[in-house]
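Counting starts at 1 for both ligands and their atoms, in listed order.
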Amino acid sequence: MRIRVCGVAELSPGRAKRVLLDHRTPVAVFNVAGTFYVTDDDCTHGLSSLAKDGQVEGDEVECGWHGGRFNIISGEPTGSPCVIRLNTYAVEVIADDVFADVG
Ligand code: FES
């Protein structure tokens, strides 16, 4: 199922945005050097919002609570204490909108 998550102009490079799918399931939309990615938004270590509390650095996001890190593209943890990957979602940009395939 493809869902619009934001407009292209809403998110500049290096920024992230938390979006609730169906008003309850949080995902994070990232703009990494002009390419959009969507992952789960809740950190797998302690449920911190990566988009709201985290810091984007290149293609990684650092959690604002305990400093764990994830690769935004793969969802794989890259820094302690995180050991469980984030789900990632296929992204499609159509005209001025960003869509995620959330299954
Ligand atoms: Fe993200 Fe602990 S909640 S590293």
Side-chain angles (χ1 to χ4, degrees):
M1 178 172 51
R2 190 169 67 190
I3 294 180
R4 181 188 181 278
V5 290
C6 71
V8 169
E10 290 177 54
L11 210 54
S12 55
R15 303 296 303 270
K17 177 178 181 169
R18 178 179 171 96
V19 175
L20 291 178
L21 303 178
D22 298 331
H23 304 288
R24 55 196 157 101
T25 305
V27 295
V29 186
F30 296 95
N31 181 336
V32 177
T35 301
F36 291 88
Y37 298 91
V38 176
T39 71
D40 289 338
D41 187 44
D42 289 341
C43 177
T44 58
H45 179 248
L47 301 183
S48 169
S49 167
L50 295 169
K52 291 173 72 175
D53 302 326
Q55 181 73 36
V56 177
E57 295 174 7
D59 63 357
E60 292 193 343
V61 58
E62 181 176 294
C63 178
W65 283 13
H66 310 109
R69 298 177 71 91
F70 296 92
N71 182 282
I72 292 167
I73 300 168
S74 68
E76 294 294 332
T78 57
S80 175
C82 301
V83 294
I84 300 170
R85 72 181 296 274
L86 300 167
N87 290 314
T88 59
Y89 304 92
V91 171
E92 195 171 358
V93 176
I94 301 174
D96 295 331
D97 296 307
V98 180
F99 294 85
D101 183 350
V102 295

Practice item. Determine which pairs satisfy ring-ring contact (aromatic ring centres under 6.0 Å, His included) with at least one residue from residues 65-97, sequence neighbours left out, and list them in order. Key: His45-His66

Check your understanding: Do any pairs count as a ring-ring contact (aromatic ring centres under 6.0 Å, His included) and have a residue in residues 23-43, sequence neighbours left out, and if so which ones?
Key -> none

Practice item. Verify the neighbour count for atom CZ of Arg15: are there more than 12 heavy atoms of other residues, nucleotides or ligands below 6.0 Å? Key: no

Point to revise | Residues which pass side chain to side chain donor-acceptor pair (under 3.5 Å) with Thr44, listed by chain and number, not counting sequence neighbours | key: none

Revision key, fill the gap. Counting only protein N, O or S atoms (no waters) closer than 2.8 Å to atom 1 (Fe) of ligand 1 gives 2

Practice item. Would you sort out whether Arg18 and Asp42 count as a salt bridge (Lys or Arg N to Asp or Glu O under 4.0 Å), showing the intermediate values? Key: CA-CA 9 Å; Arg18 178 179 171 96; Asp42 289 341; 3.4 Å; yes

**Study point:** Donor-acceptor contact present, side-chain Asn71 to main-chain Glu60, <3.5 Å
**Key:** no

